[in-house]
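Following: one structure in structure tokens, then a few remarks.
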Amino acid sequence: MTTESEAQVSEAQIAAHWREEEYVYPPPKFIGQANVSDPAILDRFREDRFPECFKEYADLLTWEKYWETTLDTSNAPFWRWFVGGRLNACFNCVDRHLPKYRNKAAFIWVPEPEDAETQVITYQELYRRVNEVAAVLREHCGLKTGDRVTIHMPMVPELPVTMLACARLGIIHSVVFGGFSGAACGDRIADSESRVLISMDAYYRNGELLDHKAKADEAVEVAARAGVQVERVLVWRRFPGRYESATPMVAGRDEFMDEVLRTYRNRIVDPVSMPAEAPLFLMYTSGTTARPKGCQHSTGGYLAYVAGTSKYYQDIHPEDTYWCFADIGWITGHSYIVYGPLALAATSVMYEGVPTYPDAGRPWRIAERLGVNIFHTAPTTIRMLRKLGPDEPKKYDYHFKHMTTVGEPIEPEVWRWYHQVVGKGEAVIVDTWWQTENGGFLGSTLPALQPMKPGSCGPGVLGIFPVILDEEGREVPPGSGKAGNMVIRNPWPGIFQTIWGQPDRFIDIYYRKYNRNPNSKDWHDWPYFAGDGALQAADGYFRILGRVDDVINVAGHRLGTKELESAALTVEEVAEAAAVPVIDELRGRAVEIYASLKPGFQPSKEIEDKISAAIERLIGPIARPKSVWIVPDMPKTRSGKIMRRVIAGISNFTSPGDITTLANPEVVDVINRRVRSAKVERGQVPRELSEAELEEIRAFGKVE
Ligand code: PRX
């Protein structure tokens with residue numbers, strides 16, 4: 001129980017005390033070759049130069065028609081960037097590089113089986129493949145500009161080829177992470193009203209050739225139940241000519257892409273000239289309700305933003321070999337495997353499989369073999385590689401100049417291993433904070449100009465002006481080290497345009513909280529609420545504490561509590577369910593489910609297993625709960641809301657916080673005792689949490 005005086009302090013105002021880390025400086029060798037090492041850039045992106053400063057990013061692109069208005073705020077907060085401009089994203093990522101880089105590698109693809117050949121796709125080859133697929137989409141499928149296509153594929157080169165073919169025609173692609181279930185894919189097909197699904201028969205994961213086509217059948221069924229009929233399923237084959245799935249092809253609906261492509265060999269399809277504000281793609285993410293949010297990203301603003309941040313923050317030069325070890329099915333992959341690097345004519349490495357297959361030395365063998373010099377991944381991968389192969393990097397002769405961490409807060413200890421062991425002390429690290437909604441980085445350091453600080457992402461990036469606000473919208477004094485909500489005061493070119501089909505929800509979630517006047521056309525009145533807790537040190541660097549809303553960040557991937565709970569509720573015995581985060585050494589956060597049963601049912605291991613299985617089937621293995629707790633009742637407010645922060649406290653062995661406002665405070669003790677003793681028995685007692693972690697648990701589920 002908290003004391004009365006503690007309970008009076010707003011959660012957002014509690015100062016988190018952590019040890020201030022020392023700066024780490026970039027090596028002179030890095031600075032000497034960096035894309036930006038002149039501090040004048042900070043001046044060019046000063047706030048009084050906003051929004052015109054972003055001309056510098058837009059000028060990295062080739063415009064068919066140059067734009068007239070940098071930022072149009074007339075329909076705030078639906079910002080329009082580079083209005084009047086026309087361009088094609090595929091042309092910018094492929095065609096325009098041909099004169100200079102025709103036979104330079106665009107993608108180098110590494111299959112998971114280690115004895116399989118690496119595939120090199122030059123810009124010329126990419127151009128050919130993209131054109132042929134574009135011909136299939138337009139002529140065979142009858143798709144046109146503005147149509148949506150859902151792509152549910154693993155990490156194979158055919159994935160970016162298909163995306164770029166869509167972009168060539170102004171078709172809006174919606175890529176669903178390959179690890180997601182068929183049902184999750186079906187929901188997204190229905191939401192985006194895609195009539196075409198592009199899938200694959202099989203792919204390698206952890207040494208096994210997984211059947212992926214089965215998911216396509218389920219997805220089509222789920223979409224049909226939601227009222228959207230998929231007319232065509234195009235199936236790429238992992239080995240062209242050889243079908244590796246046990247699922248039959250459906251006549252009249254399913255076709256093998258390699259067979260259809262035969263008719264379109266060497267076909268050229270002109271890129272369609274698109275307005276800068278035309279949508280380029282949808283990327284679904286989890287939010288506070290079960291319905292996923294289709295974040296709609298623009299063509300001109302998005303591409304300019306990812307090109308600019310790839311150049312200045314990733315320090316990509318055309319001669320670099322850049323490896324972003326993420327999945328293209330997430331926003332990181334869209335922005336920093338495909339669109340950003342390709343806009344800069346980079347060589348982008350793609351790897352099919354898991355980091356530790358066949359052992360924890362695999363990533364470093366790939367880096368050595370291909371001469372990778374820029375490496376980009378998430379803390380969850382770094383933690384896993386550190387645990388399973390702490391000394392592996394030393395065995396391999398590779399040299400990174402630059403490394404990135406993204407997706408969740410990184411512990412300073414893990415950061416140091418990344419820097420000293422993976423980076424051999426030679427590389428700079430950028431810790432990049434941003435979100436699916438943002439298109440590109442929001443908080444980080446300019447690698448040659450701003451020193452690194454383990455555990456902090458850094459200041460706002462160029463042209464981004466963050467502020468920390470309390471619940472009432474008052475500014476937490478800058479540099480005070482006091483926690484509050486992370487807010488961006490201004491719009492930027494990479495920000496998503498809306499939630500597909502849900503413009504009101506777009507305003508409600510991101511702008512309602514801090515909007516000063518709903519009729520205002522002035523961007524100053526529309527601060528963007530990111531849903532993260534954060535604090536700012538005296539040097540202006542931000543430390544991100546984690547989500548303050550109903551989202552759980554598992555291994556860098558967002559899962560909404562509502563979608564987890566809805567999946568648990570499909571089990572017939574379950575009356576109520578609540579999902580909470582638990583601190584996990586490898587995945588950052590893991591999910592725990594609390595469930596109460598309908599009258600007449602007794603708790604059992606079978607019901608627990610059914611709940612886990614339902615979540616895995618409906619969302620995917622990534623969402624599998626660490627534990628399921630069947631409890632007599634949920635702690636609730638008097639208005640009947642489940643108090644997730646109370647059970648989150650129990651799961652993490654911290655104080656459940658103030659429970660005086662609960663309708664049923666007595667249940668807290670019952671649950672607490674049961675869960676604690678079970679965890680002690682299973683050897684799952686968490687380590688002592690840091691201040692930042694305690695802060696996150698205290699604030700969990702605050703936004704209703
Ligand atoms: O909580 C923040 C965390 O991940 C959330 C965004 O997740 P998603 O939309 O899936 O995008 C992940 C890749 C951009 C954020 O709200 N997050 C992301 N990057 C960081 C981070 N937390 C701390 N440090 C980061 N570098």
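Each ligand, and each atom within it, is numbered from 1 in the order the structure gives.
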(message) Suppose I only count heavy atoms of Asp431 and a 4.0 Å limit; which atoms of ligand 1 are within that range?
(response) 24 (N), 25 (C), 26 (N)

(message) With a 4.0 Å cut-off on N to O distance, would you call Glu411 and Arg383 a salt bridge?
(response) yes

(request) Using side chain to side chain donor-acceptor pair (under 3.5 Å) as the criterion, list what pairs up with Tyr541, not counting sequence neighbours. (result) none

(request) Say whether His334 and Tyr339, considering side chains only, have a donor N or O and an acceptor N or O under 3.5 Å apart. (result) no

(request) Quick one: look up the protein heavy atom nearest atom 13 (C) of ligand 1 and list residue, atom name and how far away it is. (result) Thr332 OG1, 3.5 Å

(request) Give a yes/no verdict on whether any heavy atom in Pro409 is under 4.0 Å from an atom of ligand 1. (result) yes

(message) Please check whether Asn553 reaches ligand 1 - meaning an N/O of the residue sits under 3.5 Å from an N/O of the ligand, judged on distance alone.
(response) yes

(request) Measure the distance from atom 10 (O) of ligand 1 to every protein heavy atom, then report the residue, atom name and distance (to 0.1 Å) of the closest one. (result) Arg558 CD, 3.4 Å

(message) Checking a contact table here: which protein heavy atom is nearest atom 9 (O) of ligand 1, and how many Å away?
(response) Thr436 OG1, 2.5 Å

(request) Number the atoms of ligand 1 from 1 as they appear, then name those within less than 4.0 Å of a heavy atom of Thr432, with their elements. (result) 19 (N), 20 (C), 25 (C), 26 (N)

(message) Counting only heavy atoms, tell me which of Met283, Glu408, Met486 gets closest to atom 22 (N) of ligand 1.
(response) Glu408

(request) Kindly determine whether Glu585 and Lys387 satisfy salt bridge (Lys or Arg N to Asp or Glu O under 4.0 Å), including the steps that lead there. (result) CA-CA 10 Å; Glu585 290 316 311; Lys387 181 170 175 207; over 6 Å; no

(request) Not counting sequence neighbours, which residues clear ring pair (Phe, Tyr, Trp, His ring centres under 6.0 Å) with His152? List them please. (result) His212

(request) State whether the number of non-hydrogen atoms from other residues, nucleotides or ligands found under 6.0 Å of Lys424 atom NZ is greater than 12. (result) yes

(message) Among all the protein's non-hydrogen atoms, which is closest to atom 17 (N) of ligand 1, and how far away is it?
(response) Gly407 O, 3.2 Å

(message) Pair Glu408, Arg587 - check salt bridge (Lys or Arg N to Asp or Glu O under 4.0 Å), show working.
(response) CA-CA 10 Å; Glu408 19 157 2; Arg587 291 177 290 171; over 6 Å; no

(message) Counting non-hydrogen protein atoms only, what is the nearest one to atom 15 (C) of ligand 1? Give residue, atom name and distance.
(response) Asp532 OD2, 3.1 Å

